[in-house]
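All heavy atoms count here, side chains included; hydrogens, waters and symmetry mates do not. It should be emphasised that the depicted structure is a prediction, and the values quoted were computed from it without experimental measurement.
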Amino acid sequence: MTQTDILAQLNPRQREAAEAIDGPLLIVAGPGSGKTRLITYRIAYLVRVVGVPARRIAALTFTNKAAREMRSRLGELVSHSINDMSVGTFHSFCAMTLRWESDAIGLDRNFAIYDDPDQLDVIKRSMRETDVDPKRFSPRAVQSAISKAKSSLLGSEGFGMRTASYFEEVVGRVFERYELLMAQSGAVDFDDLLLKTHQMLEQHPEIAARYQDRYVHFMIDEFQDTNVVQYAIARKLTEAHRNLCVVGDPDQSIYSWRNADIRNILSFQDDFPDAKLIPLEQNYRSTQTILDAADKLISANSQRIERELFTDNGDGVPIVVSEGYDEAEEAQMTLKEIGALTKNGPGAQGGYKLGDIAIMYRVNAQSRALEEECLRYGVPYQLIGGQKFYQRQEVKDVTAYLRLVANTNDDVSLNRIINLPTRGIGRRTLDELARLARDSNMSQFDAISSIMSTDDQLAPAATNPFTPRATRALTDFQKMINGLRADLDGLSIIDLIDQVLERTGYQKYLTDSAERGEERIENINEFKTAARDYIHMPVQDGLTAFMESVSLVSDIDKMEDRTEAITLITLHQAKGLEYPVVFIVGMEEGLLPHSRSMDDPTAVEEERRLAYVGVTRAKERLYLMRTFRRGFWGASGPSLPSRFLLDIPEELIERTDKNTPKSQTTERPRQSGPIGTRKGSERTGRRQGFEFSSNTRAGSTARPEMPKPKSLLNSNSKGKIKLTPSRRPSPPRPRPGRRAARNATPLFKTGDKVAHDTFGDGIVMSCEPSQDDFQVTVAFKDGHGVKRLLMSFAKLTKVE
DNA sequence: CGAGAATAGTTTTTT
DNA sequence: ACTATTCTCG
């Protein structure tokens, strides 16, 4: 490729955007409009044609995965090194900057990054120490108030000024204590990464000047999901060159709950009146049918700028709307359809690969039913999110040991593992230790040191509040950690992990633990595999870098483009991805829109954008699935079709749910739940706030018309909504009896090594009778995790 | 001090 | 239904 035609692959609009390199630029990019392609080519153009050195360009993305992809695409376009380019998420960019400048701003260079659960620990402790009752004020609520304050550029000082309510007053108090504890622990939270970077730039003009000079070009992707602090950082960093290019789509703004502020897009035009605005409206991804549906769906939002997307792609096939009886049947129908879509040979519906297919849902809990059916049908799947790897207990435990080795001030980590395995350090001792640390204003680790005198003898009883036994236990622990710290030289990060596992007794603790012992060890091995990326670094640096990646890397970042598995993913995580075939399950009131959003029109508009994001992921085929009854918390209740379904024109749809409302005018809901009682909604106005039980339903055959619901309302004297179970289409599946397993003679026994065609080698964890089959739970290697398989479906062979 | 039992809160979405 | 936390007893 020559330099002159480097932009030849772009359409005129994209080309215009790539060449607009002087001054501020706002690109409003519709879904599938080749946004990533544009950004990549724009950078390539800057480097190769304009001659901007790579290190003077920053490109910030929403996920590490997007950053990685950009890097790899740039690697193909730009021959010379792009390693100097700042490509990453806002959070990783800030973490890097803060470490570089840590000396100047008085931050421990090895600061730990606390994730959500870590942060909650500190919040709880702060509440305890400020006498705030966690029963009256939920730690979660306090946490989110603090996060919100930080995300809108308000530190604890700023927050303390406001006392709009008693709650805020309380939060202010906890906030102050929280900041103190975090500082003392040498730790920062996610919001701090951004806020402290901003503060650094404001308070240290000489530092700011260096970065302002450096970044000649600054680009931000997914700008609609940035928060106030992120935007402020970007403005500050581009003061010198003013070449700030932001790319976003207001219709895909779905992170307001994380304090993303859609107003950034509007502010941008105020802050940069000379900004060029380029809309990208040609869609290269989806069929006209899918695009029409998406357009009708999003047009129902009132807070929105009109826009018309178009495509040269053909109409394609209609959108399929289906209903299952419950989430199990919904999953079954989905899996059956996937079977048809992936079939080869005559009569095949397209011969799709499993990797072409994604199932999307609103909440992680929905993945469960889908996983079960995948296992039943033997369909390999890739689950994104859910129980995150780095949040698993044993992984967090080892992480805590490592963090403590890196930074002994880290109280959260210390508390997590000081008695794991048990070392005779119980609650009383820990309470006393916390009190001692607080009174003497030091970390708990240092507090232990303080009761030891210099010659390693125990301090006199007067200053030592602990019993001799507790004192012994505490000092042994302290010596063990110090021993690890003393022997770091010459070790690699992997060596260090091995040392920790052995010298702390954690390895033995895992081996001896009856519960999930092997799975946990597998997880630790996986953890070590992840650490291998840092094996070449000096152990201190490797440790810091590895700990940082543990905090900032998400599940989607590790997602592989595998062709042999379907993808299960939340709608939020699906942003930015595309698949030939997309199923969205749970198209129901209460789920999408989510019940927590339903009484707020603004929140419902965000839910609609979320649905829009899901719909526009599909290239060729889109399935919208829902259930007749859905289970929550073990109970089950009737569900209503999502209002979003009613926004999609009938002519775009092929229905397999013949007995359900087709549109606003012909709608004839047969049942409804508590959710349907919303007042003032035209679309739901005809629904009643209760269910009638006289209806029967057999499989997919016609359902009778609804009877008058009035009588039931009257029969419900207390006005309390009572759900009468409808008859199931088929008898409930018997639950596999746990007891029965003990008397059975399974073909596999726990500990057996087995091999599976797709998942590879694994170890049998259990084998239990399930109906007339056996359910085998197997821990697979190579990141496939633990799977439950039915013996008759899964081709498992015993190894050795 | 620690293990097992009782109990409460939980399901929005995540860097 | 599930789990994380608190309670109770040895």
Side-chain angles (χ1 to χ4, degrees), chain A residues 60-67 88-95 113-117 119-121 124 134-135 138-141 143-144 147 150-151 188-195 222 225-227 229-230 253-260 360-369 384-388 390-391 393 419-432 467 469-470 473 514 548-557 569-575 586 590-598 600 603-604 606-607 609-611 613-614 630-636 735:
Chain A
L60 302 191
T61 57
F62 191 71
T63 62
N64 290 297
K65 179 169 185 275
T89 62
F90 251 107
H91 287 85
S92 61
F93 175 80
C94 289
I113 301 169
Y114 280 2
D115 66 9
D116 199 75
Q119 192 188 11
L120 201 59
D121 271 355
K124 283 178 185 164
K135 297 241 167 68
S138 109
R140 277 260 164 232
Q143 181 188 34
S144 84
S147 174
K150 288 186 174 183
S151 307
V188 302
D189 61 35
F190 283 143
D191 299 310
D192 285 337
L193 289 173
L194 307 173
L195 187 59
E222 307 284 10
D225 286 323
T226 55
N227 67 26
V229 187
Q230 289 167 326
S253 152
I254 53 174
Y255 282 94
S256 73
W257 50 273
R258 217 173 70 188
N259 303 309
M360 303 179 184
Y361 39 81
R362 179 64 176 84
V363 301
N364 279 306
Q366 286 174 265
S367 71
R368 200 188 174 122
I384 313 296
Q387 163 72 298
K388 290 164 196 66
Y390 290 121
Q391 313 258 38
Q393 203 183 67
N419 203 31
L420 204 77
T422 52
R423 303 187 170 94
I425 303 173
R427 215 194 66 188
R428 276 193 72 95
T429 308
L430 284 176
D431 284 350
E432 195 53 51
T467 63
R469 218 171 82 180
E548 181 166 316
S549 87
V550 164
S551 303
L552 295 181
V553 167
S554 68
D555 264 41
I556 188 143
D557 298 330
I569 193 168
T570 65
L571 289 163
H572 279 90
Q573 293 190 107
K575 190 178 68 161
L591 216 41
L592 189 65
H594 194 271
S595 52
R596 301 274 269 250
S597 302
M598 283 174 45
D600 175 359
V604 171
E606 181 150 318
E607 297 284 315
R609 291 194 292 270
L610 193 54
V613 165
R630 184 168 293 274
F632 301 95
W633 302 309
S636 167
R735 298 250 156 193

How long is the line joining CG of A:Asp116 and P of B:dT15, in whole Å?
11 Å
Name of the residue among A:Thr89, A:Ile113, A:Val229 meeting side-chain contact (heavy atoms from CB on, under 4.5 Å) with A:Leu193:
A:Ile113
I'd like to know if A:Lys150 pairs up with A:Asp189 as an ion pair, taking the criterion as any Lys NZ or Arg NE/NH1/NH2 lying under 4.0 Å from an Asp or Glu carboxylate oxygen.
yes
So what does A:Lys575 hit on the nucleic acid, given a heavy-atom distance under 4.0 Å: a base, only sugar-phosphate, or nothing?
nothing
Verify stack between A:Trp257 ring and B:dT13 base, 5.5 Å, 30 degrees:
yes
Under 4.0 Å from OP1 or OP2 of B:dT13: is there any side-chain N or O of A:Gln573 that close?
no
Run the ring-ring contact (aromatic ring centres under 6.0 Å, His included) check on A:Phe62 and A:Phe90 step by step: do they pass?
CA-CA 7 Å; A:Phe62 191 71; A:Phe90 251 107; over 10 Å; no
A:Ser92 side chain N/O closer than 4.0 Å to the phosphate oxygens (OP1, OP2) of B:dT15?
no
Result for side-chain contact (heavy atoms from CB on, under 4.5 Å) between A:Lys575 and one of A:Ile569, A:Leu610, A:Ile254 points to A:Ile254
Distance, rounded to the nearest Å, where A:Asp431 contributes CG and B:dG2 contributes P:
13 Å
Let me spell it out: for each of A:Leu430 and A:Asp191, pick the nucleotide of DNA chain B with the closest heavy atom. Which residue's pick is nearer the 5' end?
A:Leu430
Where does the angle between the aromatic ring planes of A:Phe190 and A:His91 fall among parallel (under 30°), tilted (30 to 60°) and perpendicular (over 60°)?
perpendicular
Contact under 4.0 Å: A:Asn259 side-chain N or O vs B:dT14 OP1/OP2:
no
Minimum heavy-atom separation for A:Asn64 to A:Ser92, with atom names?
OD1-OG, 4.2 Å
From the list B:dT13, B:dG2, B:dT15, which nucleotide is the closest neighbour of the side chain of A:Asn364?
B:dT13
Expressed as a whole number of angstroms, how long is the span from A:Arg140:CZ to C:dT3:C1'?
14 Å
Does A:Arg423 or A:His594 map to a spot on DNA chain B nearer the 5' end, using the closest nucleotide for each?
A:Arg423
Please give, in whole Å, the distance from B:dT14 P to A:Leu120 CG?
17 Å
Among B:dT13, B:dT15, C:dC2, the one nearest A:Val363 by side-chain distance:
B:dT13
Using whole Å, what does the distance between atom P of nucleotide B:dA3 and atom CG of A:Leu420 come to?
11 Å
For the side chain of A:Arg596, starting at C-beta, report the closest nucleotide among B:dT15, B:dT11, B:dC1.
B:dT11
As a test of reading the structure: which of B:dT13, B:dT15, C:dC2 is closest to the side chain of A:Arg368, going by heavy atoms?
C:dC2
Between B:dT14 atom P and A:Asn64 atom CG, what is the distance in whole Å?
15 Å
Need one value for A:Tyr255: base, sugar-phosphate or nothing, where a base atom within 4.0 Å counts as base even if backbone is also close, heavy atoms only.
sugar-phosphate
Within this structure, what is the CG-to-P distance between A:Asp115 and B:dT15, rounded to whole angstrom?
11 Å
Among B:dC1, B:dT11, B:dT15, the one nearest A:Thr429 by side-chain distance:
B:dC1
Whole-Å gap separating P (B:dT13) and OH (A:Tyr361):
10 Å
State which of B:dG2, B:dT15, B:dT14 makes the closest approach to the side chain of A:Thr89.
B:dT15
Side chain of A:Arg258 (C-beta onward), nearest among B:dT11, B:dT14, C:dT5:
B:dT14
